[in-house]
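Note on naming: letters A, B, ... go to the chains in the order of the sequence lines (proteins, then strands), and numbering restarts at 1 for each one.
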Amino acid sequence: MLAVVVGFLAFTQINSTSTGPEMQFIWGLVAAVSFGFVVFSVFRVRRVSSMARVIPHKVMSIVLCPQCSFKQIKNFAMGDYVFKTEGKCTQCGVGSLFINGIYTEDLKRR
Amino acid sequence: MLSVAALQFGPLDGLLGNLSWVTQLIFTAFFLLLFLGFGQRIQMRQYMWDIDRGLKRLDFIRTQAKDLTLKTVKEVGKPTIDPVPQINVLMEQFLITPVDMDPSGIVSKFDHLLDVHELKFKEDVRRIAPAADSAQLNNLSNLVEASWALNTIFRIIRHFYLLGKKTKSIFIIISLQALLPMIMQESEAYLGAAKAFAEGQPIGDGIGALVASRLMKDKIQRKVEKDVVVAETSMEDRRVIALKAEGPGGNVGKPGDAIRSILEENIGKVSMVVMVDAALKFEGETSGEVSEGIGAAIGGIGTERFKIEEEATKQKIPVYAVIVKESILEAITPMKKEILDAGEKVIERIKSLILERSKPGDTVIVAGIGNTIGIGQ
């Protein structure tokens with residue numbers, strides 16, 4: 001709040017015709033620092049609120065056929081678990097497909 | 001250097017021009033008083049702003065976790081009455097640890113308390129989610145526990161913040177501010193965990209259970225001690241008894257009891273025990289790195305480790321540990337690819353350990369430790 005008031009005061013001083021170039025420079029500096037502080041404060045508040053979100057993970061299930069080389073990576077669906085059978089293999093028609101692994105893609109954010 | 005007199009302050013120009021040395025003095029005195037006299041107060045106020053912001057975030061996180069819990073309970077459990085009051089009761093649950101003035105027998109007291117706590121917790125969750133099957137019930141219990149943890153963290157931080165504010169104790173405020181980044185990280189990890197528990201996804205901590213499940217796949221399985229499944233297989237001409245908590249619901253079982261009962265069933269036959277678990281890495285280490293050591297690799301309060309150590313010492317059986325390194329965030333959020341891939345490396349490491357440390361025909365126990373959520377067998 002103080003930074004906004006000081007910044008406003010500085011801008012009025014810069015625009016004033018009675019202010020010399022030396023003083024304009026000083027007030028310009030004051031205005032820049034005030035503006036920087038305001039931006040920094042807003043950025044901090046934004047960062048705080050953005051950090052408290054549920055991070056969306058992309059979770060994948062690896063489906064394998066034990067008989068042939070069939071391998072499929074699909075999006076995780078509710079109810080999936082490792083070693084869950086997924087019906088007959090669409091490629092060889094013999095083996096029973098099963099989920100061999102479930103993983104999430106990189107958690108990196110920000 | 002510019003003197004104060006040279007500055008232009010609009011209507012105050014004349015006054016300041018005449019009183020330049022007085023204003024210089026006033027400014028100097030003001031700054032001295034401000035930074036020397038109130039420096040600590042100003043710093044404390046800044047720390048308190050930080051904590052206040054952190055506290056607001058913690059409140060937001062715990063509310064999100066609670067909302068997720070409520071939504072999942074309603075979707076999965078199909079409650080007949082409003083579950084909110086009961087969830088609120090669960091959020092405030094506590095456990096009074098046994099007296100440790102006379103530590104003799106404290107492990108069994110702890111074990112009993114934990115059993116009672118778990119049983120009551122699950123029964124309470126079943127009451128609010130009558131339609132959930134046993135795996136879903138375990139997942140819901142884990143979800144409620146994650147929400148409980150977030151609620152407890154928030155209450156503790158708020159307590160110390162208000163205490164520091166009330167007593168104006170800079171030491172309480174500084175300690176809290178210093179710990180805040182770690183607390184925030186842990187809270188965000190719990191929020192990630194809540195999401196994984198709500199959907200039944202395997203978490204990083206489940207790597208031990210995943211390795212054991214790979215060993216016992218398509219083998220005859222039986223249930224031993226509470227929520228633990230065992231299967232026999234062979235590896236490098238050795239008889240391997242693999243065990244893990246029963247999945248795919250979120251469960252850690254009681255591997256200590258299970259290992260003890262297997263050792264008692266096979267007195268004099270078991271040549272070694274290999275325990276596989278996730279372990280916290282140090283900063284700078286790579287996630288999914290496999291390491292081996294000696295001793296019972298199992299976390300928790302220590303009761304399960306005690307049982308394994310006691311029985312292994314009694315029968316003079318060496319206990320080896322194979323661990324997969326990961327951060328706290330990775331341990332309780334959905335399993336990362338690097339950690340999943342570490343499973344194969346762990347099996348190779350177990351094979352080489354067995355080859356080096358046992359003879360053909362020996363019996364070896366391989367225990368996969370950790371939460372088995374999203375991992376069947």
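In this structure, CG in B/L210 is found 9.5 Å from CD1 in A/I102, a value given to the nearest 0.5 Å.
Residues B/P334 and A/V59 approach most closely at CB-CG2, 4.2 Å, considering heavy atoms. Nearest heavy-atom pair across A/M78 and B/E199 is SD-CA, 3.7 Å. Closest non-hydrogen pair, A/Y103 versus B/K336, comes out as CB-C, 4.2 Å.
Per-residue counts of heavy-atom pairs under 4.5 Å with chain A were compared for B/P202, B/G204, B/G200; the largest is that of B/P202. Per-residue heavy-atom pair counts under 4.5 Å with chain A were compared for B/P248, B/A196, B/G247, and the maximum is reached by B/P248.
Residues of residues 80-96 of chain A lying under 4.5 angstrom from chain B, judged on non-hydrogen atoms, are A/D80, A/Y81, A/V82, A/F83 in numerical order.
Looking at B/A198, the atoms closer than 4.5 Å to chain A (heavy atoms on both sides) all sit in the backbone: N, CA, C or O. At a 4.5 Å heavy-atom cutoff, the contact between B/Q377 and chain A is made by backbone atoms alone. Contacts of B/K337 with chain A are made by both backbone and side-chain atoms, with heavy-atom separations under 4.5 Å. At a 4.5 Å heavy-atom cutoff, the contact between A/I62 and chain B is made by side-chain atoms alone. Both the backbone and the side chain of B/I375 come within less than 4.5 Å of a heavy atom in chain A.
More than 12 non-hydrogen atoms from other residues, nucleotides or ligands lie less than 6.0 angstrom from NZ of B/K219. Within a 6.0 Å sphere centred on NZ of A/K74, other residues, nucleotides and ligands contribute more than 12 heavy atoms. Enclosure of atom CZ in B/R158 by more than 12 non-hydrogen atoms of other residues, nucleotides or ligands within 6.0 angstrom is indicated. For CD of B/Q185, the number of neighbouring non-hydrogen atoms (other residues, nucleotides, ligands) closer than 6.0 Å is 12 at most.
Partners of B/D52 under the side-chain contact (heavy atoms from CB on, under 4.5 Å) rule, at least two apart in sequence or in another chain, are B/K56, B/Y161.
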